[in-house]
Amino acid sequence: MLRLQRTIPYILAVLLMLPVALCAQTASRFEVTGATIAETQAAIREGRTTCRAVVEGYLARIQAYDQKPLGPDGLRLNAIVLVNPNALAEADACDRNFAATHKLPPLGGIAVLIKDNYDTAGLQTTGGSLAMKGFVPEHDAMMVAKLRAAGAIVLAKTNMAEWAFSPYLTASSIAGITRNPYDLTRVPAGSSGGTAAAVAASLGESGLGTDTGNSIRGPSSHNDLVGIRPTIGLTSRSGIIPLFAHNDVGGPMARTVADAAALLTVVAGPDSTDPDLAAAMEQFPHPDSIDYTQFLDRHGLKGARIGVFRQYFDTPKTDPEVKAVTEQALKTLQQEGATLVDPFTIPDYEAMEKMLWCGDFEADLNAYLANHPNAPYHDLKSIVASGLYLPYIEEEIKGSAAPAEKDDRRAPCPDVYHDPPKIAFRKALLAAMAREHLDAIVYPTWSNAPRKVGETDSPAGDNSQVLSPQTGFPAITVPMGFTHGNLPAGLTILAPAFREDKLIRYAYDFEQTTHHRKDPPQFPALP
């Protein structure tokens, strides 16, 4: 009897440990590589994994794939600037909450990557510049705060083109050169190339980028992702280091349309500190809150009328292989029930385009720094004087700090909803779409494949700088195939203000019909 009494506590202890052991066993079976938000959350709910195991899976991939040379050539992805040291603690909190409630918040257990120009409380934020090394914001950018409130785990900060100046490459004095995971000799585009490369290589579930003229859609296209540039005013710019504030907008970058829609649902919404939002709502009334995942319609293209903007790709500089996959994409749109107006043109496009750009980086950055008294520098001129930047942005950054050399015709720049040239351009686009009864227009996101790192003379093919940024209208890029073997290409779909619902419907149908996206072969699941 005495022996039995001594044995019972041991047996009970073993029995109590069994659920933990089983959980650890099943958690190890979930593979984060290429996983979607829905798949990850289903695995957590069903006990096949835990929030901690998910984060550990991504951290292992960052350690294995981001900083170590991949292959004999010594190249590395270099997409991550820093890892959140509290990521595992946040994951443990997620597991405790799930154990107590048996429910997950909208992004519970989802590890997100944040471009290094978003304020992140407790984490260094630099805009890609050595001049900002050690700067730790006191508060999250509003979009980051919304992610955290929805249960997302901030996994890491990602590299970017220094101060977001380049749409073509992602290189910074704080972290160096980021490469394209589909071909490490190629660029991931800019400036959100760190988020794009990292999400594509499954170093995180999904992420945030910012887009002034290209920088969500361009890197998403080059890295076989879905990227959404929302309507200007749909998402907050509060707490984001600006390039040209009235053109800047933050948005999601993800491996699927469904994941991008889930992120957009969380980060969209009013910001009382953003005057452009009030202007947008005044001209284009819109509900405060929308669940964008309700528009994941498998047959969303049926009945749509879509214009084909051939001006962007019927040119001698267009890569023939990009043109070929674009033509195939157009056939898919038709096969799924869309009516194409081909070609679609905007009268006087060339003349209007010349009048659109307006930006004052110095004024916008100085305004941001004024709100962050703990930043190492307090104005652009001091940053320029420090010399803490890469040579490739020297002309841009010095020109921005030299008033006599500024060529902005309308500084300070009006916002997109009150700037006369942009108003005229927006009206011209809407009138042309109305004449053809169009729901959206399409074109290749890039007319050329990703450049080689260091290459500057070949055609770039960036088609993103005008139609969406200069109207304030939303645009989505979705994978449309590969060129030259393994180089991704993306299809852009653009719609009028606050019609992200149409973009998601059309992109989801196209994605589910074609299944073009593939994980980069050089970044497989870890053993």
Side-chain angles (χ1 to χ4, degrees), residues 62 66 78-87 90 111-149 152-165 170-176 178 190-196 198 203-204 207-212 215-216 219 235-245 248-253 267 271 273-274 361 364-380 382-383 386 388-390 393 397:
I62 290 173
D66 193 59
N78 197 40
I80 304 297
V81 177
L82 60 85
V83 170
N84 179 7
N86 296 316
E90 292 178 24
V112 296
L113 301 163
I114 309 294
K115 185 178 179 180
D116 199 26
N117 59 349
Y118 282 84
D119 286 354
T120 41
L123 288 177
Q124 176 181 271
T125 299
T126 73
S129 172
L130 267 175
M132 299 288 279
K133 185 176 182 179
F135 168 56
V136 178
E138 296 180 359
H139 306 285
D140 284 328
M142 182 175 284
M143 288 177 65
V144 175
K146 287 185 174 185
L147 288 177
R148 291 192 200 268
I153 297 159
V154 173
L155 185 66
K157 299 297 287 290
T158 57
N159 198 23
M160 58 182 285
E162 192 155 356
W163 295 114
F165 273 128
T170 294
S172 70
S173 59
I174 198 74
T178 298
S191 65
S192 308
T195 298
L203 306 187
L208 292 182
T210 61
D211 192 312
T212 304
S215 297
I216 288 174
T235 55
S236 169
R237 275 87 62 89
S238 176
I240 299 175
I241 298 175
L243 178 55
F244 299 132
D248 296 342
V249 66
M253 304 170 74
V267 299
D271 178 357
T273 69
D274 189 339
F361 175 60
D364 294 338
L365 180 63
N366 287 353
Y368 168 87
L369 294 172
N371 288 323
H372 296 79
N374 62 325
Y377 294 89
H378 301 295
D379 58 62
L380 178 61
S382 299
I383 292 170
S386 76
L388 295 173
Y389 51 83
L390 292 181
I393 70 162
I397 197 168

Please report the interatomic distance [atom1]([X]) to [atom2]([Y]), rounded to the nearest 0.5 Å.
{"X": "Y377", "Y": "L365", "atom1": "OH", "atom2": "CG", "answer": "13.0 Å"}
{"X": "S129", "Y": "I397", "atom1": "OG", "atom2": "CD1", "answer": "6.5 Å"}
{"X": "N117", "Y": "I240", "atom1": "CG", "atom2": "CD1", "answer": "6.5 Å"}
{"X": "S191", "Y": "N159", "atom1": "OG", "atom2": "CG", "answer": "10.0 Å"}
{"X": "L208", "Y": "K157", "atom1": "CG", "atom2": "NZ", "answer": "10.5 Å"}
{"X": "I80", "Y": "T158", "atom1": "CD1", "atom2": "OG1", "answer": "6.5 Å"}

Q) Hey, is R237 close enough to D248 for a salt bridge, meaning N to O under 4.0 Å? A) no
Q | Sub-4.5 Å side-chain heavy-atom contact between I114 and N84 | A | no
(Q) Quick one, M253 and V112 - any side-chain contact, counting heavy atoms below 4.5 Å? (A) no
Which atom pair, heavy atoms only, marks the closest approach of [X] to [Y]?
{"X": "S172", "Y": "A175", "answer": "OG-N, 3.0 Å"}
{"X": "T120", "Y": "P137", "answer": "O-CD, 3.7 Å"}
{"X": "L243", "Y": "W163", "answer": "CD1-O, 3.6 Å"}
{"X": "L123", "Y": "V136", "answer": "N-CG1, 3.6 Å"}
{"X": "D140", "Y": "A121", "answer": "OD1-N, 2.7 Å"}
{"X": "S192", "Y": "G209", "answer": "OG-CA, 3.6 Å"}

Hey, does the side chain of [X] reach the backbone of [Y] with a donor-acceptor pair shorter than 3.5 angstrom?
{"X": "T235", "Y": "G250", "value": "yes"}
{"X": "T178", "Y": "N78", "value": "yes"}
{"X": "D364", "Y": "A245", "value": "yes"}
{"X": "E90", "Y": "I153", "value": "no"}

Side-chain H-bond candidate by donor/acceptor type, [X] with [Y], under 3.5 Å:
{"X": "K115", "Y": "T195", "result": "no"}
{"X": "D119", "Y": "Y368", "result": "yes"}
{"X": "D116", "Y": "T125", "result": "no"}
{"X": "K133", "Y": "T126", "result": "no"}

Q: Go through the steps to decide whether L82 and Q124 satisfy the test side chain to side chain contact (heavy atoms under 4.5 Å, CB included), and finish with yes or no.
A: CA-CA 8 Å; L82 60 85; Q124 176 181 271; 3.5 Å; yes
**Q.** A171: partners by side chain to side chain contact (heavy atoms under 4.5 Å, CB included), with sequence neighbours left out
**A.** L169, I177, L390, Y392
(Q) Determine whether L113 and L155 satisfy the following criterion, side chain to side chain contact (heavy atoms under 4.5 Å, CB included), listing intermediate values before the conclusion. (A) CA-CA 6 Å; L113 301 163; L155 185 66; 4.1 Å; yes
Q. For residues 113-138, which residue pairs qualify under ring pair (Phe, Tyr, Trp, His ring centres under 6.0 Å), counting only residues two or more places apart or in two chains?
A. F135-H372
